[in-house]
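Please read the structure below before turning to the comments.
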Amino acid sequence: GATTPAVGGTVAAAPSPPPPTLAQRLVAPGVGESEGYEALFAAWGGKYDPAGADPCAQAEAQGLACLSMQGSLAQLAALHRPALLRLESAAGPRTALLVGLSPAQARLRIGASDVRVPLGELAAQWYGGCTLLWHGIAMPVEVLKPGARGAAVRALRGQLLEAAGQPVPANPPELYDAALERLVRDFQLAHHLAVDGVAGAGTQLALDAALAAPGTPQLSGAD
């Protein structure tokens, strides 16, 4: 029979098999839709119940703001927060938690494993659906717009001033006035958001991410 050629008097090691592709990992046993949500909630100190209500409803019940959206890797890199990715596979919908990102690859938590995946492989399975959590300024999250009034508006103004490196007064006004609208527009412009002067969930998420409060989970590198 055939023999392995000798190199320098030793038997050459057989080449190791290539690691599984993302498509192969997603059809493996024990990888379903709920595992990604469980990892996302755990990153924020919460607990996801696969038999429970809608994931965002579960998050809000635990004091976490939640946004499901269509996004891009560029957006997720800017937010710098773990994100639940909704993936397509030959076995049906799957989820994975994005925990790290670099220019060439992503680090995904799939089931119980952290794996590095080339971005090209990820693009073939992910069409932009994602869910992110954060600590909201008010629960449930509400769209804040000119003319609104209350504690959430006061908190929004304080966060925007902090993000802009400006002093925060001890008791910021609680009316969404023209000055606050300018702060919102300036923040949206600086963070590549739709500039409309309205602080919806996307703007509030980006603001929370920009402030990066101690103890909040962050994306790591993936190399």
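Along the sequence shown, residues are numbered consecutively beginning with 1.
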Just do the salt bridge (charged side-chain N to carboxylate O under 4.0 Å, His left out) check on R149 and D177 with the steps written out, would you? CA-CA 9 Å; R149 185 186 296 272; D177 54 15; over 6 Å; no

Using the rule that Ile, Leu, Val, Met, Phe, Trp and Tyr join whenever any side-chain heavy atoms are under 4.5 Å apart, tell me whether L180 and V168 fall into a single cluster. yes

Using atom types as modelled and distance alone, determine if a side-chain donor or acceptor of Q62 lies under 3.5 Å from a backbone N or O of A59. no

Sub-4.5 Å side-chain heavy-atom contact between R109 and V115: no

For T95 and G36 the tightest heavy-atom approach is OG1-N, 3.1 Å

Are M69 and L64 joined in one hydrophobic group, where the rule is that I, L, V, M, F, W and Y side chains link up if heavy atoms are under 4.5 Å apart? yes

T131 to L40 - nearest heavy-atom pair and separation: O-CD2, 3.8 Å

Measure the CG-OG1 distance between L193 and T203 for me, rounded to the nearest 0.5 Å. 5.0 Å

Does any part of the side chain of P19, heavy atoms only, come nearer than 4.5 Å to the side chain of R25, both counted from C-beta? yes

Could you go through the side chain to side chain contact (heavy atoms under 4.5 Å, CB included) check for L144 and E142 one step at a time? CA-CA 6 Å; L144 301 174; E142 57 182 302; 3.7 Å; yes

Does the side chain of C56 reach to within under 4.5 Å of the side chain of S68, using non-hydrogen atoms? yes

Under 3.5 Å: donor-acceptor pair, side chain of R116, backbone of Q105: no

What distance separates L85 CG from Y127 OH, expressed to the nearest 0.5 Å? 13.5 Å

Nearest 0.5 angstrom please: E121 CD to Q24 CD, how far? 8.5 Å

Within the structure provided, determine whether L108 and D114 are in side-chain contact (heavy-atom separation under 4.5 Å). no

Euclidean distance, L97 CG relative to I110 CD1, rounded to 0.5 Å: 10.5 Å

Is there a side chain to side chain contact (heavy atoms under 4.5 Å, CB included) between T216 and W134? Walk through the geometry before answering. CA-CA 8 Å; T216 53; W134 76 99; over 6 Å; no

Mind listing the closest non-hydrogen atom pair of Q218 and A212 along with its distance? NE2-CB, 4.0 Å

So, for L119 and A106, which heavy atoms are closest and what is the spacing to 0.1 Å? CD2-N, 3.6 Å

Using modelled atom types only, decide if a donor and an acceptor are shared between the side chain of E174 and the backbone of R154 within a distance under 3.5 Å. no

Y37 and L84: which non-hydrogen atoms are nearest, and at how many Å? N-CD2, 3.5 Å

How close do P146 and V198 get, heavy atom to heavy atom, and via which atoms? CD-CG2, 4.5 Å

So do L132 and L76 actually touch side chain to side chain, heavy atoms under 4.5 Å? yes

Are any non-hydrogen side-chain atoms of E38 and P50 less than 4.5 angstrom apart? yes

Would the distance check show the side chain of Q204 and the main-chain N or O of A199 forming a donor-acceptor pair, the cut-off being under 3.5 Å? yes

Is a donor on one side and an acceptor on the other found under 3.5 Å between the side chain of H80 and the backbone of L219? yes

Which residues pass the side-chain hydrogen bond (donor to acceptor under 3.5 Å, both in side chains) test with R185, not counting sequence neighbours? E181

Go through L79 and L205 one step at a time and tell me if the side chain to side chain contact (heavy atoms under 4.5 Å, CB included) criterion holds. CA-CA 8 Å; L79 291 170; L205 166 60; 3.9 Å; yes

Under a plain distance cut-off of 3.5 Å, with no hydrogens placed, do D49 and Q58 share a side-chain donor-acceptor pair? no

Spatial distance of atom CG (L122) from atom CZ (R107) [nearest 0.5 Å]: 14.0 Å

Between the main-chain N or O of G197 and the side-chain N or O of Q188, is there a donor-acceptor pair closer than 3.5 Å? yes

Backbone N or O of A23 within a donor-acceptor pair of the S89 side chain at under 3.5 Å? no

What's the spacing between D54 CG and E60 CD if we round to 0.5 Å? 8.5 Å

Show your reasoning for whether side chain to side chain contact (heavy atoms under 4.5 Å, CB included) applies to L101 and L73. CA-CA 9 Å; L101 193 59; L73 286 179; 4.2 Å; yes

Please examine the side chains of R86 and P93, heavy atoms only from C-beta on, and report whether any two atoms are closer than 4.5 Å. no

Just by distance, do the side chain of Q159 and the backbone of L156 share a donor-acceptor pair under 3.5 Å? no

Pair R81 + D208: basic N to acidic O under 4.0 Å: yes

Are the side chain of E35 and the backbone N or O of G32 linked by a donor-acceptor pair below 3.5 Å? yes

Judged by atom type as modelled, is there a donor-acceptor pair below 3.5 Å linking the side chain of R94 to the main-chain atoms of L26? yes

Tell me whether the rings of Y48 and F41 are parallel (<30°), tilted (30 to 60°) or perpendicular (>60°). tilted

Same cluster (ILVMFWY, side-chain, under 4.5 Å), I137 and L67: no

